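Throughout, protein chains are lettered first and strands after them, A, B, ... in sequence-line order, and every chain is numbered starting at 1. Worth saying up front: this structure is predicted, and the values here are computed from it rather than measured.
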Amino acid sequence: MSGTPAISRSEAGDASAPSGEVVVEARGLSRRFGKRWAFARVDLTVRRSERWLILGANGSGKTTLLRALATAISPSLGRLRLFGQDPREDLAAARRRLALLSHRTGFYEDLTARDNLRVLARLAGHPDADLGAVLDRVGLEDRPDPVRAFSMGMRKRLALAAVIVQRPELVFLDEPFAALDPAGMEDVAALVRGLEGTVIVASHQVERAAALCDRALLMDAGLPRWTGPAHQAWMAWKAVQAPLAAAAGGAP
Amino acid sequence: MSELLHLFRKDLLIEWRSRSHGFALACFALTLLLLFSFAIGPDTKTMSLHAGAYLWMSLLLSSTLLLARSFQVEVEDGAIETLILAPASATRMFYAKALANAVQLAILAAVAVPAVYALYGVQLHGEVGGGHRLGQLVSVVALGAAGLAAPGTLYAALTARLHARQLLLPLLLFPLVVPCLLAAVKATTLIVRPSLSEAEFTSWLALLACFDVLYWSVCGILFGRVIEQ
Amino acid sequence: MKSAYLLLVLGLALIVVGHGMGLFVAPSEAAMGETGRILYVHVPTAWTAMVVFTIAFVAALGGLWTGRMGWDALIEASAEVGVVFTALLLVQGAVWAKPTWGVYWTWDPRLTTSAILLVLFGVVLLLRHVIEVPERRLTLSAVATIVAFADVPIVYFSVRWWNSLHQAQSTPQTVSKLMWQPLVISIFGTMFLGLALVIARWRIAREHYEREDAAPDLPDLPDQIELSDEPASGGQEVRG
């Protein structure tokens with residue numbers, strides 16, 4: 001590393017990035033739990049229809065960051081604007097335009113897939129949604145058994161159906177590939193590609209997630225370390241891991 | 001309004017789909033009623049005198065299980081967060097949930113009252129104090145169930161994610177609902193005893209109503225702060 | 001902290017004067033005789049407990065409104081001092097009840113209300129104990145404090161109605177003028193003592209927060225990673 005102050009790539013990239021409406025704008029965003037900063041000093045500018053990858057190891061703060069961007073938790077410090085507005089001014093309006101696929105899938109275990117989707121469709125203001133078609137699109141049968149009986153792969157599909165049914169402009173996906181078999185990952189990747197609007201993915205499955213995204217933010221120990229085009233994410237990831245590997249005993 | 005109804009319907013649907021749990025809860029309430037009689041002994045007269053107390057103690061003890069479960073289904077897979085982000089308004093979420101819990105408590109009471117009638121030899125038919133006994137009992141049960149449901153729903157949400165929730169929910173709820181419990185027991189006892197002092201009955205009903213109005217408003221206001229993260 | 005010492009000294013002085021007058025100057029109570037003199041301890045304790053719980057209520061409102069952790073410390077301080085005074089109140093009630101009614105406990109509405117109050121706020125302290133994230137602790141314990149405080153009048157009325165069916169009210173007789181003076185002095189003395197304790201406890205709670213839970217400084221932004229071997233396709237080079 002050179003001794004000169006590094007310039008964040010997001011600032012450097014702004015000049016040449018395709019100009020479009022800024023959908024997510026975070027400045028110095030930080031959140032702490034008690035004495036620990038889950039993430040801190042995050043600057044992020046996401047424009048309409050961009051696909052962003054937030055990558056980082058377990059405990060790097062990427063999930064908490066994603067949840068803060070999605071208004072599921074409030075930041076402790078910093079400024080967040082969604083769709084050009086402070087979401088706290090009209091939380092319901094901002095939330096109506098976004099959807100979060102959380103690490104936990106967020107369903108009522110005793111209800112069927114269709115029941116769960118109906119609850120969401122009505123709350124999102126689309127009571128007329130064709131739930132059968134949505135289930136079909138994610139490759140789930142319209143079955144009478146409760147979600148409790150679903151496998152992890154089926155849950156992930158249903159969670160994506162829940163995102164689709166809300167017709168969001170801005171989608172947050174937390175570890176969409178977690179606990180899936182290779183075939184399931186391919187299906188989920190295809191579904192994510194098919195999502196309209198702006199998508200922000202948090203994942204530690206760098207190569208798979210980077211293939212879906214155009215830009216990436218690398219988080220390390222709660223702090224942003226690199227911002228750039230998604231196809232370079234793997235190299236940035238390696239660069240973060242390198243000092244760790246060296247410290248571990250001079251691995252080749 | 002339609003969102004409130006929709007959420008209310010959702011809460012009842014969950015309970016309907018897992019009705020085996022509700023059945024077990026009714027069995028629990030009935031078992032309690034059976035057990036209380038052993039505390040006083042086989043003296044029918046004393047037992048009929050305390051029948052109102054047994055009914056409400058049985059409902060109160062069952063209510064903590066019912067209330068705790070009503071938020072367990074929300075947090076076990078994080079469904080409440082999906083709701084919040086959907087977005088559902090916190091106030092409507094509260095009133096839907098409290099209403100659903102009050103309805104379930106009333107159903108539980110409807111199961112328990114025949115048992116109280118059969119076990120403790122109380123009077124349930126005939127006119128008393130210018131109204132039918134059963135009709136007056138319905139009003140007491142409705143007000144009492146509402147009184148347990150409002151603070152109960154708030155505290156169930158408050159404790160849902162804490163470690164010691166099984167202990168904290170009843171600890172928070174029981175001392176709080178003393179006035180509600182007292183009024184419900186007194187009013188029920190006045191109904192099922194041979195004679196009814198109408199003035200006394202009305203004042204207990206009024207106290208129940210005051211408790212309901214106070215906590216249905218206070219808890220509705222505070223609920224949003226409890227579920228935020 | 002100076003104000004706490006001042007209040008403490010003032011409170012203790014007033015208590016000495018008030019209790020002295022109550023014991024040696026005031027006439028003995030008509031109905032209860034010499035035991036009635038516990039009045040000068042009991043009534044001030046009750047007043048202080050109520051005032052301190054009211055402080056907890058105000059702190060809870062302030063905490064919910066502003067989210068500042070100073071209010072959280074005040075909830076802790078006032079709820080704790082209030083619980084101590086309520087516990088004292090119950091002990092004094094038992095001491096008074098034994099020679100008067102022959103039992104340690106009566107279901108007197110004030111005594112019963114105090115017992116419920118003790119449990120209500122005791123549980124708030126318990127709740128605070130199990131919540132680790134300070135901001136959550138503030139919100140949840142403030143909610144529980146407000147809900148508990150709103151219960152106080154309604155508990156009192158319900159217990160009074162419930163009790164009035166069994167026995168006559170045990171309210172002390174209207175206080176004669178010679179008894180009035182030491183009572184007021186004792187009330188102020190005990191209240192100042194209570195406030196001094198709240199302030200001292202508040203300070204401890206704030207110090208604890210600063211030491212254990214306060215926000216650590218934001219970490220410095222680490223060096224950004226530079227990928228020099230393959231320049232970003234659309235981005236500019238990072239200039240050194």
Side-chain angles (χ1 to χ4, degrees), chain B residues 147 150-155 157-187 189-190 197 199-204 206-215 217-229, chain C residues 57 60-67 71-72 79 83 86 107 109 112-133 135-166:
Chain B
T153 302
L154 180 78
Y155 277 152
L158 194 151
T159 54
R161 276 185 279 235
L162 300 180
H163 288 301
R165 57 179 169 271
Q166 295 94 334
L167 200 56
L168 274 175
L169 175 59
L171 264 179
L172 283 164
L173 187 61
F174 289 173
L176 189 79
V177 296
V178 162
C180 170
L181 196 67
L182 212 54
V185 168
K186 282 288 165 186
T189 309
L190 285 171
S197 148
E200 210 184 309
F201 178 73
T202 322
S203 58
W204 286 119
L207 185 76
L208 264 182
C210 283
F211 187 87
D212 286 2
V213 169
L214 175 68
Y215 281 106
S217 29
V218 169
C219 298
I221 295 166
L222 294 174
F223 185 75
R225 301 302 302 270
V226 166
I227 58 170
E228 80 186 10
Q229 286 204 54
Chain C
F57 175 65
L61 288 178
L64 273 192
W65 190 259
T66 63
W71 292 115
D72 183 66
V83 162
T86 317
W107 294 97
T112 313
T113 307
S114 313
I116 294 171
L117 222 78
L118 178 67
V119 180
L120 277 173
F121 282 90
V123 177
V124 170
L125 292 178
L126 209 67
L127 179 71
R128 293 181 56 83
H129 209 73
V130 303
I131 305 171
E132 277 155 26
V133 177
E135 291 79 13
R136 288 294 285 164
R137 194 175 61 211
L138 166 61
T139 307
L140 298 188
S141 65
V143 165
T145 303
I146 291 169
V147 169
F149 191 80
D151 210 27
V152 175
I154 207 159
V155 165
Y156 178 70
F157 276 113
S158 69
V159 178
R160 209 173 74 174
W161 284 355
W162 168 66
N163 202 23
S164 63
L165 309 176
H166 293 283

Below 4.5 Å from any heavy atom of chain C, which atoms of [X] appear? Answer side chain, backbone, both or neither.
X: Phe223(B); answer: neither
X: Leu154(B); answer: side chain
X: Leu158(B); answer: both

Would you tabulate the side-chain donor-acceptor contacts of residues 126-133 of chain C under 3.5 Å, counting partners in other chains and residues two or more places apart, or write 'none'?
from      : atom 1 : to        : atom 2 : distance (Å)
Arg128(C) : NE     : Glu76(C)  : OE1    : 3.2
Arg128(C) : NH1    : Asp72(C)  : OD1    : 2.9
Arg128(C) : NH1    : Ser141(C) : OG     : 2.9
Arg128(C) : NH2    : Asp72(C)  : OD1    : 3.4
Arg128(C) : NH2    : Asp72(C)  : OD2    : 3.1
Arg128(C) : NH2    : Glu76(C)  : OE1    : 2.8

Return the [atom1] to [atom2] distance between [X] and [Y], rounded to the nearest 0.5 Å.
X: Leu208(B); Y: Ile154(C); atom1: CG; atom2: CD1; value: 9.0 Å
X: Leu207(B); Y: Trp161(C); atom1: CG; atom2: CH2; value: 5.5 Å
X: Phe211(B); Y: Ser158(C); atom1: CZ; atom2: OG; value: 9.0 Å

| field | Top contributor to chain B contacts, counting heavy-atom pairs under 4.5 Å, from Val119(C), Val143(C), Ile116(C) | value |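 The candidate making the most pairs under 4.5 Å is Val143(C).
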| request: Please list, in residue-number order, every residue in residues 169-176 of chain B that has a heavy atom less than 4.5 Å from any heavy atom of chain C; write 'none' if there are none. | output: Leu171(B), Leu172(B), Pro175(B), Leu176(B)
Least distance between heavy atoms, [X] atom then [Y] atom:
X: Val155(C); Y: Pro179(B); answer: CG2-CG, 3.5 Å
X: Glu228(B); Y: Arg136(C); answer: O-NH1, 2.7 Å
X: Tyr215(B); Y: Val147(C); answer: OH-O, 2.7 Å
X: Thr139(C); Y: Arg225(B); answer: CG2-O, 3.3 Å

| message | Between Ile146(C) and chain B, with a heavy-atom cut-off of 4.5 Å, which part of the residue counts as in contact: side chain, backbone, both or neither? | response | side chain
| query | Is there side-chain contact between Leu64(C) and Leu222(B), with at least one heavy-atom pair below 4.5 Å? | reply | yes
